[in-house]
Each structure stands twice: as C-alpha cells, then as structure tokens.
Novice: 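Please read through the structure below; I'll follow up with questions.
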Amino acid sequence: EANTFGSNYDTTLSVYRGTRGALTQIACNDDSNGPQSRVRFDAVAGTTYYFMVSSFSFFPVANANLVFNLLQAPPPLSITPSVTQFGSVDPTTGAATISGFVTCSQPAFVTLSGQLKQAHGTGSITGFFSTFIPCNGTVPWTTTIHTPDTLFHGRSVDLFVGGRADVTATASAFDFDNGVFVQKHLAVTITLRGAN
C-alpha cells in the first residue's frame, strides 16, 4: 500500500512499472480517505515501481505538506459461514428455522442468503432465506425459511416436516480495506426437529 494520509491538500496517487518512456499504470486513486489517496497492489520482489503524486485542487494550499506512506497492506477479509446440524420446524405451520455461525477475520457486515430443500415423496419443497449479520470474530445467526404459499382446501399442500433437509447458501461481505467483495459458498445436510 502507498498512501498520502496526513497530507494537508487534495492529492492523486498513481503507481507504474516498466521502463522510462514505456511505463504501465497498475493502480491509481483519488480521494480514498477524504481528499487523500491510497493504492494497493501485489508487489513483486526485484521489480522497480514508480509513484506519481499530484495535487487535485482548484484552491491551492499555501505551505502544502505531502506525507507519503509506503507499507504492507492488511490481509484480505475472510469469512467462514456454518450451519448447525439441527434446525427446527413447527409441526402445525411447517415454518422452519435454521441457525449457525459466521467467522470474520476483521469486522464486516455479512449477508447470508440461500435455500432449504426437503424431499417430499417424489417431489420436494424449497424455502428461501436471507439474513444480515454484523460480524466481528465469530457470531451466531438465526433465520426463518420463507416458502411460497400453495393452498389446497385452505391448507398448505407442502410443509416442512421433521427430518433431513439440504441447505445451500452464499455469504458475502465487502472488504473496505481492499475494495472488493468476498463470497463463500456452503452446502450441508441438516436435520429438522419438530418444535412442540
């Protein structure tokens, strides 16, 4: 990472590699932290990099002071979602609830969405869920499964029941330090238990 944090004017920052007269830009930024700039890139040992810092201001600052920082960037965000082995189902309504944990390597807001599918004779019932999890370390989550209503004589035809069911889901979060989205997929079989 190279940045101009601490400078007292509006900066732009670019990084290049190559030879004089034939440089290739590999990163550039304006206004990453207020009016200051930051670039991150994977540096390769033995490669020469060239940095260009410029002022991007319509109002020049008297006694402008440039602060140029070069440091190792923080590691990327990692997220690990899990689903507990047992969920619950209300035998009267067929409403299913599942839970689990998500672990984050740094504070993040994780969206976990997916589906619960259970075999019913020759067919199956599928319900969907989505939950928002403020994550800092390892935190628990719980969500209720939403299913489309299918009625026959005023009653739902397909209801979740106690037994095995398959969960597929995707956890996603934005890594603000590195400016990228992180995703993790999971697929697991759980057991729904009737809640009395």
Novice: Any side-chain heavy atom of Ile133 sitting closer than 4.5 Å to one from Thr131?
Specialist: yes

Novice: So do the side chains of Cys104 and Val110 get within less than 4.5 Å of each other, counting heavy atoms only?
Specialist: yes

Novice: Taking C-beta and beyond as the side chain, do Val67 and Gln36 meet within less than 4.5 Å on heavy atoms?
Specialist: no

Novice: So, do Val102 and Leu112 sit near enough that their side-chain heavy atoms are less than 4.5 Å apart?
Specialist: no

Novice: Is Asp175 reaching over with its side chain to a backbone N or O of Pro76, donor-acceptor style, under 3.5 angstrom?
Specialist: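 Not at all, since once roles are kept as given, no pair shorter than 3.5 Å links the two residues.
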
Novice: By the definition side-chain contact (heavy atoms from CB on, under 4.5 Å), identify the one residue from Leu66, Val39, Asn69 that meets it with Thr4.
Specialist: Leu66

Novice: Indicate yes or no for a side-chain donor-acceptor contact from Asn65 to the backbone of Asn8 under 3.5 Å, with no hydrogens or angles considered.
Specialist: no

Novice: Give the ring-plane orientation class for Phe51 versus Phe41, where under 30° counts as parallel, over 60° as perpendicular and anything between as tilted.
Specialist: tilted

Novice: Under 4.5 Å between side-chain heavy atoms, hopping through other hydrophobics if needed: is there a path connecting Leu116 to Phe86?
Specialist: no

Novice: Look at the rings of Phe181 and Phe174 and say which category their plane angle falls in: under 30° parallel, 30 to 60° tilted, over 60° perpendicular.
Specialist: perpendicular

Novice: If we only count heavy atoms from C-beta on, is the Thr84 to Phe101 side-chain gap below 4.5 Å?
Specialist: yes

Novice: Heavy atoms, side chains only, cut-off 4.5 Å: are Asp31 and Asp10 in contact?
Specialist: yes

Novice: Is a donor on one side and an acceptor on the other found under 3.5 Å between the side chain of Trp141 and the backbone of Ser82?
Specialist: yes

